[in-house]
Amino acid sequence: MVKIETVGVVGCGLMGSGIAEVIARAGKQVIVREVEESALEAGRKRIVTSLDRAVEREKLAPEERERAWDRIRFTTRLEELADRDLVIEAVIEELAVKNEVFGTLDRLAPEETIFATNTSSLPVTEMASRVQRPDRMVGLHFFNPVPVMKLVELVRTIETSDETYQRVLAFARSLGKEPVSSRDTSGFLVNLLLVPFVLDAIRQVERGMASIEDIDTAMVLGLGHPMGPLTLCDFVGIDTFHRISEIMYEEYREVRYAPPPLLKRMVVMRRYGRKSGRGFYDYTGDEPVPIPI
Ligand code: 3HC
């Protein structure tokens with residue numbers, strides 16, 4: 001089996017930058033692409049901060065940090081990703097945008113190049129149906145923060161070949177990740193359980209059953225979760241969570257996946273969570289402070 005050694009990552013946001021960093025730290029060459037210079041610069045800074053943090057915490061030797069950094073190239077040109085063994089797409093959670101990326105790559109890349117999407121909830125098969133290589137398309141879903149979370153979900157469609165699956169499985173392991181396999185159903189393994197759980201926590205807030213802080217404390221101290229559901233929703237992004245729940249609701253038509261009104265209202269007010277400074281909590285001070293609803 002031919003090993004995957006060179007990788008392209010499309011998108012250098014929260015997920016794309018983390019994915020590029022993890023690949024470079026695993027000793028592989030990676031090119032990461034953003035649409036414009038300012039977004040690329042933001043991604044570059046995110047990777048630098050994360051690598052520095054790993055050095056500070058003695059998880060990464062300073063010379064290893066330099067070597068990892070040297071393995072990452074940044075570009076705004078999708079064409080530069082065409083000669084890679086594997087291209088991982090990590091752009092926004094919009095099917096049309098993802099299809100456009102894969103459509104362009106499909107014309108540019110040699111037929112042996114494997115395509116992977118980091119989608120959390122959109123159908124991988126839809127993307128595979130638009131390219132000339134559906135057998136060489138998988139879902140490869142990382143978790144935030146990518147350098148820390150050990151899991152990746154490897155999603156196999158009804159068209160994915162055994163060879164593609166095995167090569168990407170070996171690649172995911174070579175990154176030090178623990179892959180689990182999922183069929184192509186919206187939410188895969190983690191979000192299928194996580195999304196209704198977090199949405200129920202939001203519904204509790206809506207109904208005034210308990211305070212934001214107490215709901216989070218209950219799950220942290222009662223179940224040993226690293227973060228309570230509302231803190232996690234702020235961490236992932238209120239807008240991202242809303243989008244995922246909409247996609248899952250569309251797929252299953254079950255009320256449990258429907259975004260609660262409060263979540264919709266928070267999106268309208270751009271209370272996106274940690275990244276915008278306000279969500280269920282206010283992050284503008286030293287410590288997060290719950291904002292009563
Ligand atoms: N980037 C890189 N490294 C980070 C980081 C970041 N953004 N945030 C934390 N870390 C590292 C720290 O350097 C530290 O590393 P070390 O243990 O090797 O020294 C480690 O993570 C722990 O960090 P801290 O001690 O500062 O903080 P915590 O102990 O509070 O842990 C956390 C932070 C790892 C984020 C922990 O709170 C956690 O596991 N939270 C849950 C995260 C989670 O559930 N993620 C999945 C979200 S769902 C998702 O991504 C899917 C999508 O489709 C929605």
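Whatever order the structure lists ligands and atoms in, that order sets their numbers, starting from 1. Hydrogens, waters and symmetry mates play no part in the numbers below; they use all other heavy atoms, side chains included. All residue numbers in this chain count up from 1 along the given sequence.
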Determine, for E56 against R53, whether the closest basic-nitrogen to carboxylate-oxygen distance falls under 4.0 angstrom. no
Which residue supplies the protein heavy atom nearest to atom 51 (C) of ligand 1, what is that atom called, and how far is it? F143 CD2, 3.4 Å
Could a heavy atom of I244 be found less than 4.0 Å from some atom of ligand 1? yes
Gap separating the CZ atom of F241 from the CG atom of N191, nearest 0.5 angstrom: 6.5 Å
For L232, atoms of ligand 1 separated by under 4.0 Å from a heavy atom: 43 (C), 44 (O), 47 (C)
Backbone, side chain, both or neither: what part of N191 comes under 4.0 angstrom of ligand 1, heavy atoms only? side chain
Atoms of ligand 1 close to K59 [distance to a heavy atom under 4.0 angstrom, numbered from 1]: 16 (P), 18 (O), 19 (O)
Whether R67 and D70 form a salt bridge (side-chain N of Lys/Arg under 4.0 Å from carboxylate O of Asp/Glu) is what I want to check. no
For atom 8 (N) of ligand 1, what's the nearest protein heavy-atom neighbour? Residue, atom name and distance, please. R53 NH2, 3.4 Å
Using 4.0 Å as the upper bound for N to carboxylate O, is an ion pair formed by K98 and E89? yes
Atom 19 (O) of ligand 1 - nearest protein heavy atom and its distance: R57 CD, 2.9 Å
Heavy atom under 4.0 Å from ligand 1: found in N144's side chain, backbone, both, or neither? both
Which of the numbered atoms in ligand 1 are under 4.0 angstrom from any heavy atom belonging to S120? 53 (O)
At what distance is the nearest protein heavy atom to atom 38 (C) of ligand 1, and which residue and atom is it? P226 CB, 3.6 Å
shortest atom 7 (N) of ligand 1-to-protein heavy-atom contact is with P145 CB, 3.6 Å
Tell me every residue that passes side chain to side chain contact (heavy atoms under 4.5 Å, CB included) with E21, counting only those two or more places apart in sequence or in another chain. R25, I47, S50, L51, P147
Can you check whether a protein heavy atom sits less than 4.0 angstrom from atom 43 (C) of ligand 1? yes
Tell me whether the count of non-hydrogen atoms from other residues, nucleotides or ligands lying under 6.0 Å of CD in Q132 goes above 12. no
Considering the heavy atoms of H141, write down every atom of ligand 1 situated less than 4.0 Å from one of them. 51 (C), 52 (C), 53 (O)
Protein heavy atoms near atom 1 (N) of ligand 1, is at least one of them under 4.0 angstrom away? yes
Under 4.0 Å, counting heavy atoms only: does H225 come that close to any atom of ligand 1? no
Does the protein place any heavy atom closer than 4.0 Å to atom 21 (O) of ligand 1? yes
Atom 40 (N) of ligand 1: the protein heavy-atom neighbour that sits closest, reported with distance to 0.1 Å: M227 SD, 3.6 Å
Neighbour count above 12 (heavy atom, 6.0 Å) for L223 CG: yes
Just jot down the ligand 1 atoms closer than 4.0 angstrom to any heavy atom of V148, in number order. 3 (N), 4 (C), 10 (N), 11 (C), 21 (O), 34 (C)
Does the protein put any heavy atom within less than 4.0 Å of atom 32 (C) of ligand 1? no
Atom 28 (P) of ligand 1: protein heavy atom closer than 4.0 Å? no
Pairs in or reaching into residues 271-280: which pass side-chain hydrogen bond (donor to acceptor under 3.5 Å, both in side chains), with residues at least two apart or in two chains? D239-K275
May I ask you to check whether T231 and D216 show a side-chain donor-acceptor distance below 3.5 Å? yes
Look at the aromatic rings of F197 and H225 and report parallel, tilted or perpendicular, splitting at 30° and 60°. perpendicular
Hey, what do you get for CD1 (I4) to CG (L86), rounding to the nearest 0.5 Å? 5.0 Å
Go through the steps to decide whether E93 and T119 satisfy the test side-chain hydrogen bond (donor to acceptor under 3.5 Å, both in side chains), and finish with yes or no. CA-CA 7 Å; E93 204 65 349; T119 186; 2.6 Å; yes
